[in-house]
Amino acid sequence: MKNIYIIGVGLIGGSLAIDIKKNDPNVVIHGISRKETTLNEALALNLIDKKATLDDVDKADLVIISIPVDATVKLLPTVLDKIQDSALVIDAGSTKSEICKVVENHPKRRNFLAMHPIAGTEYSGPSAAISGLFVGKTNIICEVEKTTFKLQEKALKIFEKIGMRIRYMNPEAHDKHIAYVSHLSHISSFMLGKTVIDKEKNERDIFDMAGSGFASTVRLAKSSPEMWTPIFKQNKENVIETLEEYINNLTQFKELMKQDDFEAIFNEMKNTNHIKDILN
Ligand code: TYR
């Protein structure tokens, strides 16, 4: 794996570039981006060694696609068309069903591996890339049996070196579970932020009165709409289901308040404290 091409040199692409290069200083990292300014930034930050274009991927040993999921669906078949027979292509998208479906019948399907590294922050772009981002984090791999054994092994070696734990899942199960565990938290954070911004017109009041509770629950509202709109679009059915469940719970909480049923409210919170045993 000498020539690595990273399409999308933002938080995920850039962080992968840093750690892969650190483990293997002989690799050459080529960056590809729609925006010249992004590529220049990635180069200045030393995330990539060289700037490249899509036409160059025929020289790649490994291509990593880390761009919004709608762009991945559009680009992935073209990338597979262009690569040499021995190359591996990996995508890092937050949804998996549509991405796996678009290459289902591609003659080079066996060169592709679908992954979702559960790692990141609320920030984006090359300047958000950080070293060690993937240590101890889970990487969900979908339809692993559809990738050639040799390329699976190469991919796993890279993931192991950057410290990731692997879980296998089918794309449909992935999208259903991730809607609850990740996509819903982003919506809830965005709408919490909106609720407060809409009503508290004085920014100084928000700044002065925001404790770490508000700051931590609203953190994800800083996330990129360019990244998240296509995720919600691709995972629409699952996300709507999670919203219905969540809205039911909010409505029930409001009803209990109206009914002065603080014992029930206490019990709801007590039961949910179980999250302490699951996380941490
Ligand atoms: N943005 C999330 C956070 O800051 C991390 C994340 C987002 C991870 C999307 C995976 C993903 O698909 O916690």
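Atoms within each ligand, like the ligands themselves, are counted from 1 in listed order. The analysis underlying the following values was restricted to heavy atoms, covering all of them including side chains, and did not include hydrogens, waters or symmetry mates. Keep in mind it's a predicted model, so treat the numbers as computed, not measured.
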Thr95 versus Asp175, side-chain donor and acceptor atoms under 3.5 Å: no
Indicate whether the side chain of Asn46 and that of Lys21 have a donor and an acceptor atom separated by less than 3.5 Å. no
Would you call [X] and [Y] a salt bridge, using N to O less than 4.0 angstrom?
X	Y	value
Arg204	Asp208	yes
Asp91	Lys96	yes
Lys82	Asp56	no

What residues join Met209 in its hydrophobic cluster, counting side-chain heavy atom gaps under 4.5 Å, either direct or through other members? none
Within the 4.0 Å heavy-atom sphere of ligand 1, strictly under, residues: Ser94, His116, Pro117, Ala119, Gly120, Thr121, Glu122, His186, Arg219, Leu220, Met227, Trp228
